[in-house]
Structure formats: structure tokens, C-alpha cells
Colleague: 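Got a structure for you, written out below as C-alpha cells; questions coming shortly.
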Amino acid sequence: MKQFEPKVLQLHNYEITKLLNYTMATDRIVGIDLGTTNSLVAFMQGESPVVIPGEDGLNLVPSVVALDEKNQPVVGNAARKYLTETPERAVYSIKRLMGRGVDDVQEELKYFPFRLAKDLQAGEVLRITLGDKTFTPPEISALILRQLKRNAERFFAAPVTKAVITVPAYFNDAQRQATKDAGRIAGLEVLRLVNEPTAASLAYGLDKKQNGIVAVYDLGGGTFDISILKLHDGIFEVIATNGDTHLGGDDIDNLLITIALDDTLGDLGLDLRRNPEAVQAIRKAVIEAKIALSSQPSVKLDVELPGGKHYLREITREQFEQLIQPVIDRTIGPCKQALKDAGLKPEQIEEVVLVGGSTRIPKVRALVKELFHREPHTDLNPDEVVALGAAVQANILGGGSEATENMLLLDVTPLSLGIEVAGGVTDKVILRNSTIPASATQFYTTQIDGQANVAIHVLQGERELAKDCRSLARFDLKGIPPMAAGMARIEVKFLIDANGILNVSAREQRSGKESEIQVQPSYGLTDEQVEGMILDSFDSAEEDFRQRQIIEARNETATILAALDKGKKSPAWGHLTTDEKKKIAKMEKALAAVNNEDDYQAIRKAIEALNQGSTRLAELMMDTAVSTALKGKTMEEADMGEGPTAPHPMAKAEFE
Ligand code: ADP
Ligand code: MG
């Protein structure tokens, strides 16, 4: 028999690891709920979606980002302490700034301690200051996404590069683009953006009825969404959406904070308004109190203030309910409007789904029941249901499984899209609540004799006048040959893809002149900017490198242990001496002991030792190793053969 070289087995192991990684990476598309308050990552485990916990064992990752003393980013629960300790180095609710400009966010600045960069120009993408650095909102969101990506990679012990991310139904084009940019910066290919209420209905759609009308009521930390969905033959169709991008648990928190600030001024003579540390401490305490009031009749607030004084107050549920009534009543209007848009009476709603942490408040549940004349569903955890649905969608995009085989998904565009025409009037091309993907064509003509160029101004919104709508893009169709006014036949085509992102093209039919634009939102990042951010990001930072090394080392451990297991079951094992077996067992134990530590070099050393120690076994079982490698290869080939994701069948019908 030819002398066996341990290197060869290592090579096999390496190849197998690579193949396993490859199949894992292609299989595992995760679903992400990138929330204003909390973010989560989930994936489809067999038949049902599950949330992937972080290293702290918790499912919810607070959407908080801070820079530590070494200017390294900290995300989630670990970042929360910075909100009080070094608030100038921390940020929360960044989702409120996604895809928005300075003018848009003035209202937010009244409630949130965002520190905008001092040198911002009008029309520029926002940047906010953390310590002595500035970041755009997509970069901050990317840090949250990267944390979720890492949690998933830790969980799978394999790279995760593809995701489905959810957005509020009300997000406009700019906000959607910003979310996609955040994904790219985080090293995630965003396969699809899905509206949050749609994702929630997907999560609930599993194993549920085939037909019916569903209302999804989502009251989270910062946004309120109401969606009316129609289920027919297992197909979801969103028939109406409405909501308020500025309504949620944060508003309740702010009410309680205002009371506390008034109290401390009145009773203790302390003006804490300009004391961010005190306000943060109060915020933390009132949120805890609010959560407690969802399950108990009263709560005692006790906040230690800077200087050692205590703010004490008892709040009963009754008082609390009275206080928040105006906030939760603000959800009534959008619900009624959505019903009206869908052409439905409340009695026609057959199922009501609750989403968002704030729907845990009993008073909210009572209001929902009253609005839709029906007891709402609460089977799934309201703050996880969106991520779970995103995982279902990820699974569908990844080729599906038995559980999702017959599910399709239709979504709607939340705002009308149109063109500015003569007199500064908005001409709607695609109406709000149209099912997407969608396309529509309108014909226009020239106003002036011999007009060679026409300006095309793309608008989003419901208002009559162009100046009251959001300007999405402007472009010109040039070089129209001279003709009398009204003779040109300009075909303008709008196409919204499945992510809600708009392409507009214009063509003068007589001359064949064409012009096309993918709408770049007013406050969007350019591709070059995103590329730059990917390069500048913390991807190349030491910590990331270390994390990768750990993941890779653990992969190798899994591979060698699996090979060893096989070896033990093979006839080869019987040919080893008791001493050799003992030696192997000892090294196996040593490897297991270091494998869960964060020291990749130690893991590698232990792998190396086990590799060396099992040379004779390897020699004896070489055939098995080779056949395992071949098996891996077959898996890869089968995977490659599948080709790209199948097109959305319902979408196709839309285009015709
Ligand atoms: P988002 O989708 O905006 O990220 P979530 O769905 O995670 O938000 O909801 C977060 C909000 O829910 C916060 O305002 C939080 O305080 C609130 N919340 C969570 N649990 C409860 C509870 N038991 N009672 C009342 N409010 C709650
Ligand atoms: Mg949410």
C-alpha cells in the first residue's frame, strides 16, 4: 500500500469544508426585520421559520449603534448603555432617517437626539455624528445588519450573504433604496424587500385557511401600518395599505417622559430637560413601566436621577390607558381609510393579525377588536412575526420547500406615481395600492411647435399639484425632430419592480427617440458612494477578520469530527490499537474543549494535532474520505444546475 501523507487528508478536509460552505451559503437565505426599535434575523428550519438568537441568547437586537472608546462600533443590547453613558456616541431609531433629507427630518429632531453633521448641504444625504465621526443612515443600518449577519453566521458556522429585508409598507422609493444600500454595505445581497405587514401575513399564512380577508395591524416602536390582505387559493394579495410613519410605542414613551419631566420640575425643582443622561434614565424606566402595565394593573416608577435624588410615582393601568388614548386613537383614521380603499366593511374582515410590540397593550387589542368586530390573532409573537415571514419569503426565493410550495406573494405600491404635466399638475401613471410588480404606460405630447426636448419630472404622492408631491427624478427626452405642437407621441412607461423600485422610460414613437432612468431618489446614495462605504466599512476591521477565522476554524472542526465519526464506524477503527484509540479520544476531547472558545489559533492547533494523531486511521479510511469528497461535489453540481430563482408567476401576468 502506498504511504499515506496526512497533507492529502487535510486537502480533502479543506475541499469538503469548502463544498459544505458553498452549499450552505447558497441554501441559507435569511429573513431580516430591520426595525426602528428592534431588529431580528430568522430562517426556515424545516417546515417552520425560527428566529436566530444573538450571542446573548436574545432574539431581539435593539436597533442601537454606538462607538466604543476605541471607535469600534457596538450594536444591540451591548450598545444600550452608551445611550446613557456617552449619548453623543450612540444612536437609536435610525430607521426614521433612512432615505430622508434635512427638511424631512425636522419633526424627528424634536423628539430624537439625532446629531446631524454640521456641514450638511441642502439635498445631501444626511449624516449624523457619533463621537468625532459622521455616518449616513444606511451606514448605521448596515452596522445593525452586520450584527444580524454575524449572529446568523455564528449560528450556522457558515457565511451568510443573502437576505430578504422587510420595510414598512409606507416606505417611499428613497427609503427603500436606502435600505437596499444598507444591505450592500453590510455585505448582504438583498434579494427582496418585503413590506412588513405582508411578511407578517406570510408567517400567519402557513397552514392557515385558503381564502379570506385579513387585516394586519402593526403598531411597533416608530411606525404604524394597517394592511388589508386578500387570500385566494393560498395566494396573498395586499389590497390596501395605510398608516402613519410617525406613530408607535415611542410616542407613548415620550408622553410618559414629558410627565416625568413635569413632575421632577414641579416636585423636585429639577429641570432635567437639557440633561440627556437623566432623560435617558427616565426613558429606560418608563419603558419598563409601560411593558409591565401590559400584564399588571399598576406599576411603581423609581428612577435614580443624577445627584442621587429619586423620582417616585405610581401609575395605574387606568391612568395609563387614559394617557395613551389619543395616541392609539390615531390608528383609527388609517384603518378606516384602508377599509374604504379596499371597498370593505369591517364585518367583511375575517382575520385580524397583530404585529409590533405595542400591540401587547390590552387597550390596543381592545381597540383593534372594536375596529374590525373580531378577536385578533395573537398566536405568534408580535415582535417576531415580521422576521418569521421574511424567512418564509427567503425560503420561497431560495427555491421553496414543501411548506411554501404553493405560496405566492403580491404587494402594493403605497403611494401614487406620476408625471408633471403642463400647469404644474400631477398626472398619475400608477395609482397607490396598485399590485406590484406593476407597469403602466401613458401617452403625452409636445406643447410648443418644433419642441425638440421634453422634460420628464417623476413624482410620488397623492396631491394634485406637482409642487406638493415628492420629486423622485427629472430627465429629458432629447432630439425629437421638428413637428407641430401636439403631433409628437411620447410614450412614458413606468415599471415598479418587486422591491417597489421604479424605472421610467420615455419614447417618442414617430422618431423612435428613447430615454430611460432608474429613479435615483432625491436623498439616495450613488453607486460610487455605496462602493466607497463598503470599502470604508468595518468589514476589514480586525474583529471581523477574527470572527471569520473563528467561523472557518469551527467549520474545519465540524468536518474533521464528522470524518472521525465515520472512521470510528468504519472497519478501519477495529485495526487500531487500544493505545492509538485512547490517543485519538484525548485529542478529540482537547479539540472539543477549545472549539467553543474565541481563539481560532487554539482551535487550529487542536485540529492539527488531531489530524496528525489520526494519520493511521486516515490512511485506513482514505477510501471513505475520497468518497465523501465526491459526494460533496455531486451536491455542489446539483446546486449549480438549478439556475436562478424562478420568476414570480403572478408578476408575469401583470406585465401583459
Ligand atoms: P419596531 O417594529 O418599531 O422595531 P417592535 O415591534 O419591536 O418595534 O416594538 C417595539 C415597541 O413595542 C417598543 O415601543 C416597545 O416599548 C413596545 N413593547 C414591547 N413589549 C411591550 C409590552 N409588553 N407592552 C407594551 N409595549 C411593548
Ligand atoms: Mg416592526
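As the structure lists them, so they are numbered: ligands from 1, and atoms in each ligand from 1.
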Colleague: Under 4.0 Å between a side-chain nitrogen and a carboxylate oxygen: does that hold for E88 and K133?
Modeller: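 Not counted as a salt bridge, because no side-chain N and carboxylate O are separated by less than 4.0 Å.
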Colleague: Holding to side chain to side chain donor-acceptor pair (under 3.5 Å), I want the full list of residues that pass it with R96, two or more places apart in sequence or in another chain.
Modeller: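 Only E108, H246 meet the side chain to side chain donor-acceptor pair (under 3.5 Å) criterion with R96.
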Colleague: Under a 4.0 Å N-O cut-off, is there an ion pair linking R360 with D383?
Modeller: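 Yes.
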Colleague: Among residues at least two apart in sequence or on other chains, which ones pass side-chain contact (heavy atoms from CB on, under 4.5 Å) with A366?
Modeller: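 Here no residue qualifies.
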Colleague: Name the residues in contact with ligand 1, where contact means a heavy atom under 4.0 Å away: which are they?
Modeller: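 These residues qualify: G35, T36, T37, N38, G220, G221, G222, G249, I287, K290, I291, S294, G356, G357, S358, R360, I361, D383.
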Colleague: Under 30°, 30 to 60°, or over 60°: which ring-plane class applies to H377 and Y204, parallel, tilted or perpendicular?
Modeller: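 Because their plane-to-plane angle lies in the 30° to 60° range, the rings of H377 and Y204 count as tilted.
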Colleague: In chain order, what residues pass the ring pair (Phe, Tyr, Trp, His ring centres under 6.0 Å) check against Y92, with sequence neighbours excluded?
Modeller: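 Y92 satisfies ring pair (Phe, Tyr, Trp, His ring centres under 6.0 Å) with F112 once adjacent residues are dropped.
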